[in-house]
J.: 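The structure follows.
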Amino acid sequence: MNATTANQSDCPEVEVPVPVFFIIGAVSLAENLLVVVAVIWNRNLHSPMHCFICSLAAFNTIASLTKSCETLMILFADVGQLEKKGSSEKKLDDVMDSMLCMSFVGSIFSFLAIAVDRYITIFHALRYHNIMTMQRTGAILGVIWTTCGVSAVLMVQFFESTFIIICFVVFFILSFALICFLYVYMFMLARIHARKIASLSNSGWGRGRHQWWRGNSMRGVLTLTILFGAFVVCWAPFFVHLIIITVCPLNPYCECYRSLFQLHVVLLMSHALIDPAIYAFRMAELRHTFRKMLCLDWRHC
């Protein structure tokens, strides 16, 4: 999405070279496609949590592909091959904005689904496979993608309305609060459960069991907390920009912040670049799969 009004303050507009957008988009596209292919290729990754991670990577792929196409359109427009205000270009821009909105909403829903999955894994471990079946996982993913597609179209069609912008921002804030609450709640319950397990036995076996449970159950939650933290850091400046558009569109101090819009877009795009690196660093099975896929001689991987 583009800034809606020109900068009217003394703060110069910060412009990021177009190749930077293209490079970030191309690299993040390749990385997230690698994640999707890895989850599909490795049967050990055919679990609900990895399906939700694959969905998150797919939404990141859409965002990367969209921004890469938009960058190409800007390049063609600069050399006179496209009209910047033509009707067909306007429709194509609306489609790209819809895809970006879908990517954002889908990322939020994917994080929420992963958080619920981790909660069930930790605190309902014996019933996990009865609760989170692959059929239910597929149904959840179907609902997520359908909801995201419909909401994205509605957002873009009515984006000029202040009400829609407010709804978009409120959705981000409420989602952030809900997911943070769920993570904090999981950490608090995990701490209580860990103390109970530690008190069951003072033997070496009891302590070892306590350490094993604590390490394995919380590692996934910590990984997802890092992922969500990166998401918030990358997307929050863009939503501050939307708030400023609504609250103080002509204030010179607000205009100074809006002059950084292109940097906010770079940060937003970087989220799709960061996520696969976190997967590779924190998840051993995915890291092993990446090595197999990228190594020419698998016998030496």
Side-chain angles (χ1 to χ4, degrees), residues 1 3 14 16 21 24-25 27-28 31-32 35 49 52-64 66-67 97 99-119 144 147-148 151-152 155 159 164-188 190 218-247 254 257-258 260-283:
M1 296 179 187
V14 177
V16 177
F21 291 106
I24 294 176
V27 174
S28 59
E31 287 183 348
N32 284 282
V35 174
M49 185 192 75
F52 293 136
I53 288 177
C54 183
S55 176
L56 177 61
F59 282 119
N60 285 339
T61 300
I62 291 174
S64 300
T66 301
K67 290 305 297 181
D97 286 346
M99 301 294 281
L100 283 176
C101 288
M102 185 175 73
S103 174
F104 164 75
V105 177
S107 296
I108 286 287
F109 282 139
S110 296
F111 278 120
L112 185 58
I114 295 171
V116 173
D117 177 82
R118 289 298 85 194
Y119 176 84
I144 288 175
T147 303
C148 292
S151 61
M155 284 180 186
F159 193 76
I164 294 297
I165 297 178
I166 293 174
C167 289
F168 203 45
V169 173
V170 169
F171 173 74
F172 175 77
I173 295 174
L174 290 180
S175 301
F176 171 74
L178 178 61
I179 295 175
C180 284
F181 171 78
L182 191 56
Y183 282 156
V184 171
Y185 184 62
M186 280 192 288
F187 277 114
M188 291 176 63
M218 295 308 298
R219 182 174 177 84
V221 177
L222 181 59
T223 299
L224 297 174
T225 303
I226 295 172
L227 285 170
F228 184 65
F231 174 82
V232 172
V233 169
C234 291
W235 279 86
F238 175 74
F239 279 90
V240 173
H241 179 88
L242 293 183
I243 293 173
I244 287 175
I245 290 176
T246 306
V247 177
C254 294
Y257 182 85
R258 291 180 59 186
L260 303 175
F261 177 74
Q262 291 196 21
L263 291 180
H264 301 158
V265 175
V266 169
L267 194 59
L268 181 152
M269 293 178 61
S270 298
H271 170 248
L273 192 68
I274 294 171
D275 273 4
I278 297 176
Y279 301 147
F281 181 73
R282 296 287 304 177
M283 299 180 176

J.: Not counting sequence neighbours, which residues clear ring-ring contact (aromatic ring centres under 6.0 Å, His included) with F176? List them please.
T.: F228
J.: Less than 4.5 Å apart, any side-chain heavy atom of P276 and any of V35?
T.: yes
J.: Would you say that T66 contacts S103 through its side chain, given a criterion of any heavy-atom pair below 4.5 Å between the two side chains?
T.: no
J.: Minimum heavy-atom separation for C148 and S151, please, with both atom names.
T.: O-OG, 3.1 Å
J.: Atom CZ in F231, atom CG in D275: separation rounded to 0.5 Å?
T.: 9.5 Å
J.: Is there a donor-acceptor contact under 3.5 Å from the side chain of S175 to the main chain of F172?
T.: no
J.: I'd like to know if the side chain of Q262 and the backbone of V16 have a donor-acceptor N/O pair within less than 3.5 Å.
T.: yes
J.: Please verify the inter-ring angle class for H241 with F238; under 30° counts as parallel, over 60° as perpendicular, anything in between as tilted.
T.: parallel
J.: Roughly how far, to the nearest 0.5 Å, is the CD1 atom of I179 from the CG atom of L174?
T.: 11.0 Å
J.: Determine whether I114 and I53 satisfy the following criterion, side chain to side chain contact (heavy atoms under 4.5 Å, CB included), listing intermediate values before the conclusion.
T.: CA-CA 8 Å; I114 295 171; I53 288 177; 3.9 Å; yes
J.: Examine Y257 together with H264 and report whether their ring centres are nearer than 6.0 Å.
T.: yes
J.: Evaluate L100 against K67 for side chain to side chain contact (heavy atoms under 4.5 Å, CB included), listing each step before the verdict.
T.: CA-CA 8 Å; L100 283 176; K67 290 305 297 181; 3.8 Å; yes
J.: Does L273 offer a backbone N or O that forms a donor-acceptor pair with the side chain of N60 under 3.5 Å?
T.: no
J.: Report yes if some heavy atom in the side chain of V266 is under 4.5 Å from a heavy atom in the side chain of I24; otherwise report no.
T.: yes
J.: So, taking the atom named CG in L268 and the one named SG in C234, what distance separates them when rounded to the nearest 0.5 Å?
T.: 7.5 Å
J.: Have a look at L178 and tell me which of I108, L112, I173 forms a side chain to side chain contact (heavy atoms under 4.5 Å, CB included) with it.
T.: L112
J.: With sequence neighbours left out, write down each residue that passes ring-ring contact (aromatic ring centres under 6.0 Å, His included) with F109, or none if nothing qualifies.
T.: F171
J.: Do any N or O atoms from the side chain of S110 and from the backbone of G106 form a donor-acceptor pair under 3.5 angstrom?
T.: yes
J.: Please identify each residue that fulfils disulfide bond (SG atoms under 2.5 Å apart) with C54, with sequence neighbours left out.
T.: none
J.: Do you know the tightest heavy-atom contact between N32 and A272?
T.: ND2-O, 2.8 Å
J.: Donor-acceptor check, side chain of D117 to backbone of A113, threshold 3.5 angstrom: yes or no?
T.: no
J.: Which value, rounded to the nearest 0.5 Å, describes the distance between M102 atom CE and S107 atom OG?
T.: 10.0 Å
J.: Test side chain to side chain contact (heavy atoms under 4.5 Å, CB included) on L260 and L263 and set out the steps.
T.: CA-CA 5 Å; L260 303 175; L263 291 180; 4.0 Å; yes
J.: Nearest 0.5 Å, what's the OG-CE distance between S64 and M99?
T.: 11.5 Å
